[in-house]
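Below: the structure, in structure tokens.
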Amino acid sequence: MLQIYLPIAEMSVNILVILGMGAAVGFLSGMFGVGGGFLMTPLLIFHGIPPAVAVATEANQIVASSVSGALAQWRRGNVDMKMGTVLLLGGIAGSFVGVQLVKLLREMGQVDLIISLSYVTFLGVIGGLMFVESVRALSKARGGAPVSSRRPGQHNWIHGLPLKMRFQRSKLYISAIPPLVIGVFVGLLAAIMGVGGGFIMVPAMIYLLRVPTSVVVGTSLFQIIFVTSVTTVLHSTTNQTVDVVLALVLMIGGVIGAQFGAAAGQKLRGEQLRALLALMVLAVSIRLGVDLIVEPGELFSIGALQGGH
Amino acid sequence: MRFSALTALLCLCALWSSAAQAQRAETVETDVSTRQIAIESNFSGARLVVFGTVTNSRQTAPESGVYDLAVVIRGPEQPAVLRRKSRVLGIWINTRSRIYQNVPGYYAILSTRPIEEITDKKILTKYGIGFDNILVERDTPDDPFRDAIIRIRQKDGLYRHSDTGVAFIGKSLFRATVDLPANVPVGEYWTDVFVFREGKLLSHSSTTIDLRKEGFERFVFNAAFEKPLLYGIAAVLVAILAGLAASAIFRKD
């Protein structure tokens, strides 16, 4: 029933299952205010979509979900254009390198492994840190102390770097190198993992650059739109792995889910939300990690030779 | 009296005609239910009927079993690389690989009874009939990579076999039904029908089937591979429009 044939993934899937996956991840991303790529890409892979197609198509979907998010932030004046542009320049460079890396890894037959390993590593580390942090915040909140992560005026090693720039909207005067490096890193992740990279960029901007929390989300979404757009185009030209039919179905599901998620998110407290998100991130990481460690039922796999599509 | 004379005459006629048939060699004429299969957005697989007739059949009934048939349906051949995982530092990664030049994207073997019982290995190998007789590129008796291709493709429904998949429905008319799953590769397919009598190959007939993407699916696929830059830009524009539409619909303020 309601089977739809995906022209690039070259398989037939149930449109309701894909819509449901989009809606479920959209719900979570609306609730937690995250992009959801880090959940969607593994879900697509678990569903049998080839990893290279999953990653490239997910980059395309994130364009849609971050456009509507960024627009809302933009209306509230929460986007630091200058910071966003510096992050973006790094992001484009990172994405370019990442897409070439995916091409090389496909030829070597190691792309699935590297995608899984990246997920296990990043989700494990980020999920672990978030979990510890939110548990601490929860116990502090119970003790009655105010929860604050930003300590303005405190200097760290980043302030010793050259190429200083003034970022008015963020009220910062720092070197352009750290945001550039963060951008490169996020671009790499977008290309290899099919994520927007918000889960790296947001903590990096808060803890390393000390960007005010109000500006962080809008600026990160602004950068994500452009980096995932560039990544989509690069994957299309280099690997031909963007499936627009799949992306469109995911977009529709995601948009609807996100609306309900945002409403649900307002009923939960920030620390609880973060603890929940941390647990989910850890669960995905563990699931992918177990798949790498447990002996697979089938040791062999068939791959197409490049050009033999 | 008249009645028995007539019967005798009829019998004689039948004998004469079957003797005449015996002198003429059997040939096989076949066709398939569809010569063109289109993959469109609702494609979820296809069923193919291969049918034909053995001319000058000596069979008196469908179940006489004078003839043995083998039907091979073969999809487009492509080079493929087989990879094997091993445990390295605790995780399973691809370590060894082997390239096969002509791997059929689809392969089905249907017959009236197990093909090893029909004829000898030499003929089966010559025409590539049966899983044991395809992809034999090296003279190694045990090739785990080759076995893996067949095992994986069978699990995906792309390689199929049925020892009773061909049946006579008359003394000369036969048919075989085979399913093409939704994940079949596009390209040209060949159906080969082999007729055997007492282990000897009497006749061989071949038909081609064209399996191609049509309509929207074809448009998307061609765009992705022939105009990848435009395709990528279009994909981004679609996403931006979808995002704008979503915020216009759900805007609360």
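Chain naming here is simple, since letters A, B, ... match the order of the sequence lines and numbering starts at 1 in each.
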Largest heavy-atom contact set with chain A, pairs under 4.5 Å, which of [options]:
| options | value |
| --- | --- |
| B/I39, B/N183, B/N42 | B/I39 |
| B/K155, B/K213, B/R96, B/R218 | B/K213 |
| B/A234, B/A182, B/S97 | B/A182 |
| B/P185, B/A245, B/A242, B/G232 | B/G232 |
| B/P181, B/A224, B/S41 | B/S41 |

Taking every heavy-atom pair that is under 4.5 Å apart, which of [options] has the most such pairs with chain B?
| options | value |
| --- | --- |
| A/T238, A/V244, A/V63, A/V255 | A/V244 |
| A/S116, A/A258, A/S236 | A/S236 |
| A/N60, A/I302, A/I256 | A/I302 |

So, do [X] and [Y] sit near enough that their side-chain heavy atoms are less than 4.5 Å apart?
| X | Y | value |
| --- | --- | --- |
| B/K85 | A/E298 | no |
| A/M108 | B/R83 | no |
| B/E40 | A/Y5 | no |
| B/P144 | A/F300 | yes |
| A/V245 | B/F216 | yes |
| B/W92 | A/L299 | yes |
| A/F226 | B/V236 | no |
| A/S301 | B/N94 | yes |

Tell me, for [X] versus chain B, whether the close heavy atoms (under 4.5 Å) come from the side chain, the backbone, both or neither.
| X | answer |
| --- | --- |
| A/D243 | backbone |
| A/T237 | both |
| A/I225 | neither |
| A/L234 | neither |
| A/L292 | both |
| A/L113 | side chain |

Quick one: pull up [atom1] in [X] and [atom2] in [Y] and give me the separation to the nearest 0.5 Å.
| X | Y | atom1 | atom2 | answer |
| --- | --- | --- | --- | --- |
| A/E295 | B/S86 | CD | OG | 10.0 Å |
| A/T232 | B/Y231 | OG1 | OH | 10.0 Å |
| B/I240 | A/S68 | CD1 | OG | 12.0 Å |
| B/I91 | A/I293 | CD1 | CD1 | 8.0 Å |

message: Can you give me the closest heavy-atom contact between B/L244 and A/L71, atom names plus distance?
response: CD2-CD2, 3.9 Å

More than 12 heavy atoms from other groups under 6.0 Å of [atom1] on [X]:
| X | atom1 | result |
| --- | --- | --- |
| B/R87 | CZ | yes |
| A/F96 | CZ | no |
| B/F219 | CZ | no |
| B/R175 | CZ | no |

Chain A contact via B/R84 - which portion, at a heavy-atom distance below 4.5 Å: both

message: Quick one, A/E10 with B/F221, criterion side-chain contact (heavy atoms from CB on, under 4.5 Å). Give me CA distance, side-chain angles, the key distance, then yes/no.
response: CA-CA 10 Å; A/E10 299 199 302; B/F221 186 83; 3.7 Å; yes

